[in-house]
Participant: 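I'd like to ask some things about the structure below.
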Amino acid sequence: MGIVFNEKSGEFHLYNHNISYLMKILQNGQMGQLYFGKRVPLKEDYGYLLESRYRPASAYVFDDDYSFSLEHLKQEYPAYGTTDFRMPALEILQPNGSRITDFKYVSHKIYGGKPALQGLPATYTEEDKEADTLELLLRDDLLHMEVTLLYTIFTDENAIARSVRFENKGSEACQLTRAMSFSLDLPDDDYEWIQLSGAWGRERHVKTRTLQQGIQSVNSTRGASGHFHNPFVMLKRPTADEFQGEVMGLSLVYSGNFLAQAEVDTFKVTRLMIGINPFGFSWCLEPGETFQTPEAVIVYSAGGMNGMSQTFHRLYRTRLARGCWRDRERPVLINNWEATYFDFTEKRLIEIAKNAKEDGVELFVLDDGWFGSRCGETSGLGDWWPNPERLPEGIRGLSETIEAMGMKFGLWFELEMVNRDSELFRSHPDWIIHTPDRHASHGRKQYVLDFSRDEVVDYIYELVAKLLREAKISYIKWDMNRYITECFSEGYCAEQQGEIFHRYILGVYRLYDRLNREFPEILFESCASGGGRFDPGLLYYAPQCWTSDDSDGVERQKIQYGTSYVYPISSMGAHVSITPNHQLNRITPLKTRGDVAAFGAFGYELDLARLTAEERELVKEQIRFVKKYRKLIHTGTFYRLLSPFEGNFTAWMVVSEDKKQALIAYFKLLNDVNREYRRLQLQGLEESFLYHMTENHAEKGSFYGSELMHIGMITTDASAGEVPRNEEPCCDFWSKIVVLEAENK
């Protein structure tokens, strides 16, 4: 397994047990793309894959060669304007106004392991044998500019990580105006494009379309990855489905403005790329300076969309998330937000915590409203010290009281924002992102702090670190509730204003990293008005993310299903909230809400004292269930079985690594009457194992894995015919969880 360079043919072959990636030094010295997909044999020369011939209305590189046109060649890191007219991966504005470049192969390095990226999140290895890395050095001799293409292929995962480093070796500054992290030219367009899109309250819904000639893309220009599109796209063959067929997934480890794009040319070649959104981006690269792009990860699966997702899940859960909480079982928590909003006292909080402790909750989280003059959304952001009127004993006193109960204590912050009505804004009005002499727009009466400036990040760090040093805080919910408008920083000159969006995100990463290092035992959960910044970049610093402000048990099926295409379920904050639901005003059974939330980082968003005695018993049972199976849920192999986007039923399951345990969740949206008998074909079990099946602690029989996968699990419910008097009837928004336990083998 590894990386091979054939000097004679000028070809590189990156390979492991299942995938191959082939590229070649072209006749003009640039890098060409040959193949990416299922593993092919090591061979001295795959040059036959480089097809090129004369085509009318084209331009050609060499005077005596009417076949060598970059417009018709598949390339590794293409530029525009030297016979290629497609969208480029890079663009550099030079002192003379030109944007034409010519980066040619100079040398390469091959080594075991994987390098860290300075100031950026990225996948990693713990041992060199886990991956091999190739660095390709390209140079433009006229510009004295170097580009290093970094490729890491993982030994046991069908994944390649890719990023790019620019270095100005010349004597004049240049403006980098386009620097994509990944580009891949594919030989045909026979793919369906799948994106995860939506809005606040309905994040990461699955959208599918067929590739057509022209450009298909998703992007963000908001300063964050955003609710509207996720930095992930998938290309699948039309015949591929969840369990079979060829699928490629492309994900960007970044939390800011991004672009993911597929351009299909007139000859059906597909150029797939992802990286920082070039819109509004430029980076002044002074002599001697470097610029590192974020990392992109591409996954290939010959086993359908589930196969692709499972690779992302393993990689992001174990080699992107870091720290002591990467592998720990996550605590069951209760958050006071939907129970109290801003209307709370210390006494009320302690009562909520006591009731939760009685039911088995392990972590109490105090949400917004505890600091500065904060009694509503119009004031206090930026003043990160306790409000003595609300908390007479401060955060330290409250946290010690909670800990004395036998629970852990967590706290909400929104560190990137400030209200005008705050001590911070009154002292430093220039610390917000705004354009001089123009109106500054607000979002929920708040403004974005200029995290592109070190002094702003340092100030916030010292405030938060002081509080964390003094109090007993085990968990932080890091929120971000508005996007960037009027993007401009008073800390930088005119030539650098195109850098601010990216510098802002680097500042966010810098603050996360400092807090991670000083307080390694704290569990961080990222949040952005729900799921507005649910991306791989933040998983590097916070191993779980609040999946959506929409906690309705029905809508969450779609949100969590879509999110699972790339993100492990251990990363999904999933809570049981009150009914009628505060986002949809829908009433759903407490059992269904719990069954959906169980497949994530589990918790509650309500006052348990307001539930009936019967409901409290159900809560206790939900918590016992989650505690018993949370390791399986967070580390097992996850399978999507029935899509909520395609019918009245949703189903998914998770299987332990040794295949001795499995949980199956099955949801019905609306009840039906006098319906057919139903079966659900399960996945991932061991065919020869005999599994004992239980539902709500009731024995349902024993079945071999081969039966459950090939014949199916009976899911016929009371809606088939008349409801027997001894059988519990179904209802709208109905659910069940089935447990499989294999006999000892």
Side-chain angles (χ1 to χ4, degrees), residues 121 321-326 328 330-331 333-337 344 346 349-350 353 362-374 380-388 390-418 422-424 431 449 451 454-481 507-528 533 538-546 573 601 603:
R322 305 174 298 159
C324 65
W325 284 102
R326 184 190 74 178
R328 281 186 190 173
R330 309 286 166 74
L333 68 82
I334 189 163
N335 185 299
N336 74 295
W337 181 242
F344 63 82
E346 186 174 278
L349 297 175
I350 292 172
E362 300 162 304
L363 168 67
F364 174 80
V365 179
L366 172 56
D367 211 279
D368 196 356
W370 58 267
F371 52 90
S373 59
R374 186 79 161 176
L381 281 176
D383 298 342
W384 299 111
W385 50 82
N387 181 335
R390 294 193 152 204
L391 303 174
E393 302 300 320
I395 292 298
R396 179 177 179 175
L398 178 60
S399 66
E400 290 175 348
T401 299
I402 298 298
E403 287 248 341
M405 294 181 192
M407 299 176 73
K408 296 298 183 181
F409 179 77
L411 200 57
W412 177 96
F413 289 92
E414 190 169 5
L415 300 177
E416 301 160 62
M417 305 296 157
V418 66
S422 67
E423 294 301 317
L424 175 56
W431 278 12
L449 286 170
F451 269 34
D454 288 345
E455 63 269 31
V456 179
V457 174
D458 291 344
Y459 175 84
I460 296 297
Y461 172 78
E462 292 301 336
L463 276 183
V464 176
K466 180 178 184 296
L467 188 64
L468 298 182
R469 293 175 194 132
E470 295 172 350
K472 295 182 179 296
I473 298 173
S474 301
Y475 163 101
I476 288 176
K477 179 180 178 180
W478 180 323
D479 209 343
M480 190 280 290
N481 278 303
V508 172
Y509 292 155
R510 190 163 59 252
L511 181 57
Y512 256 117
D513 192 60
R514 291 180 69 181
L515 292 172
N516 281 169
R517 290 177 186 276
E518 183 170 353
F519 307 101
E521 290 292 323
I522 290 179
L523 170 60
F524 283 83
E525 177 170 295
S526 63
C527 177
R533 204 165 58 184
L538 288 189
L539 287 184
Y540 186 75
Y541 306 99
Q544 62 191 55
C545 180
W546 183 227

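What you see below is based on every heavy atom in this structure, not just the backbone, and it leaves out hydrogens, waters and symmetry mates.
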Participant: Give the C-alpha distance, both sets of side-chain angles, the deciding distance and a yes or no for side-chain contact (heavy atoms from CB on, under 4.5 Å) between Met405 and Phe364.
Facilitator: CA-CA 11 Å; Met405 294 181 192; Phe364 174 80; over 6 Å; no

Participant: Rounded to the nearest 0.5 Å, what separation is found between the OH atom of Tyr461 and the CZ atom of Arg510?
Facilitator: 13.0 Å

Participant: Determine whether Phe344 and Leu366 make a side-chain contact, defined as any pair of heavy atoms from C-beta on separated by less than 4.5 Å.
Facilitator: yes

Participant: Are the aromatic ring centres of Tyr512 and Trp478 under 6.0 angstrom apart?
Facilitator: yes

Participant: Are Leu449 and Leu424 close enough that some pair of their side-chain heavy atoms sits under 4.5 Å apart?
Facilitator: yes

Participant: Of all the heavy-atom pairs spanning Ala471 and Ser399, show the shortest one and how long it is.
Facilitator: CB-OG, 3.8 Å

Participant: Please find the pair of heavy atoms, one from Gly382 and one from Tyr459, that lie closest to each other, and give the distance.
Facilitator: O-CE2, 4.5 Å

Participant: Please round to the nearest 0.5 Å and tell me the distance separating atom CG of Asp454 and atom CG of Leu511.
Facilitator: 11.5 Å

Participant: Suppose we screen for ring-ring contact (aromatic ring centres under 6.0 Å, His included). Which residues come up paired with Trp325, at least two apart in sequence or across chains?
Facilitator: none

Participant: Which atom names give the shortest non-hydrogen contact between Ala353 and Ile402, and what distance separates them?
Facilitator: CB-CD1, 3.5 Å

Participant: Just wondering, are more than 12 heavy atoms of other shown residues or ligands nearer than 6.0 Å to CZ in Arg517?
Facilitator: no

Participant: Between Arg390 (side chain) and Gly369 (backbone), is there a donor-acceptor pair under 3.5 Å?
Facilitator: yes

Participant: What do the steps show when you test Lys408 against Glu521 for salt bridge (Lys or Arg N to Asp or Glu O under 4.0 Å), and what is the final call?
Facilitator: CA-CA 12 Å; Lys408 296 298 183 181; Glu521 290 292 323; over 6 Å; no

Participant: One thing to verify: whether Glu400 and Arg396 come together as a salt bridge, which I'm taking to mean a side-chain N less than 4.0 angstrom from a carboxylate O.
Facilitator: yes

Participant: Would you name the heavy atoms of Ser422 and Val418 that are closest together and state the gap between them?
Facilitator: OG-CG2, 3.3 Å

Participant: Please step through side-chain contact (heavy atoms from CB on, under 4.5 Å) for the pair Ile476 and Trp412, ending with a clear verdict.
Facilitator: CA-CA 6 Å; Ile476 288 176; Trp412 177 96; over 6 Å; no

Participant: So which heavy atom on Lys477 is nearest to which on Cys527, and how close?
Facilitator: CE-SG, 3.8 Å

Participant: Hey, are the side chains of Phe524 and Leu538 touching, using non-hydrogen atoms and a 4.5 Å cut-off?
Facilitator: no

Participant: Under 3.5 Å, is there a donor-acceptor pair between the side chain of Asp383 and the main chain of Glu423?
Facilitator: yes

Participant: To the nearest 0.5 Å, how far apart are CZ in Phe413 and CD1 in Ile473?
Facilitator: 5.5 Å

Participant: Would you check if Leu468 and Leu411 make a side-chain contact, meaning some heavy-atom pair closer than 4.5 Å?
Facilitator: no

Participant: Using a strict cut-off of less than 4.0 Å between a Lys/Arg side-chain nitrogen and an Asp/Glu carboxylate oxygen, indicate whether Glu462 and Lys466 qualify as a salt bridge.
Facilitator: no

Participant: Using modelled atom types and a 3.5 Å cut-off, is there a donor and acceptor pairing between side-chain atoms of Asn336 and backbone atoms of Asp367?
Facilitator: yes

Participant: Which is it for Leu415 and Trp384 under the side-chain contact (heavy atoms from CB on, under 4.5 Å) test, yes or no, and what are the steps along the way?
Facilitator: CA-CA 9 Å; Leu415 300 177; Trp384 299 111; 3.8 Å; yes

Participant: Which residues satisfy the salt bridge (Lys or Arg N to Asp or Glu O under 4.0 Å) test with Asp368, sequence neighbours excluded?
Facilitator: Arg374

Participant: Step by step, would you call Trp431 with Glu455 a side-chain contact (heavy atoms from CB on, under 4.5 Å)?
Facilitator: CA-CA 9 Å; Trp431 278 12; Glu455 63 269 31; 4.1 Å; yes

Participant: Measure the spacing between NZ of Lys472 and CD of Glu403 and express it to the nearest 0.5 Å.
Facilitator: 5.5 Å

Participant: Considering only heavy atoms from C-beta outward, does the side chain of Leu398 approach that of Pro386 to under 4.5 Å?
Facilitator: no

Participant: I want to check something: taking the side chain as every heavy atom from C-beta on, are Asp458 and Arg514 in contact at a cut-off of under 4.5 Å?
Facilitator: yes

Participant: Under 4.5 Å between any side-chain heavy atoms of Ile395 and Phe371, yes or no?
Facilitator: no

Participant: Decide yes or no for Pro392 and Glu346: does some side-chain heavy atom of the first lie under 4.5 Å from some side-chain heavy atom of the second?
Facilitator: yes

Participant: Would you call Glu525-Arg330 a salt bridge at under 4.0 Å N-O?
Facilitator: no

Participant: Any donor-acceptor pair under 3.5 Å linking the side chain of Asn387 with the backbone of Trp370?
Facilitator: no

Participant: So, for Asn481 and Met417, which heavy atoms are closest and what is the spacing to 0.1 Å?
Facilitator: N-CE, 4.4 Å

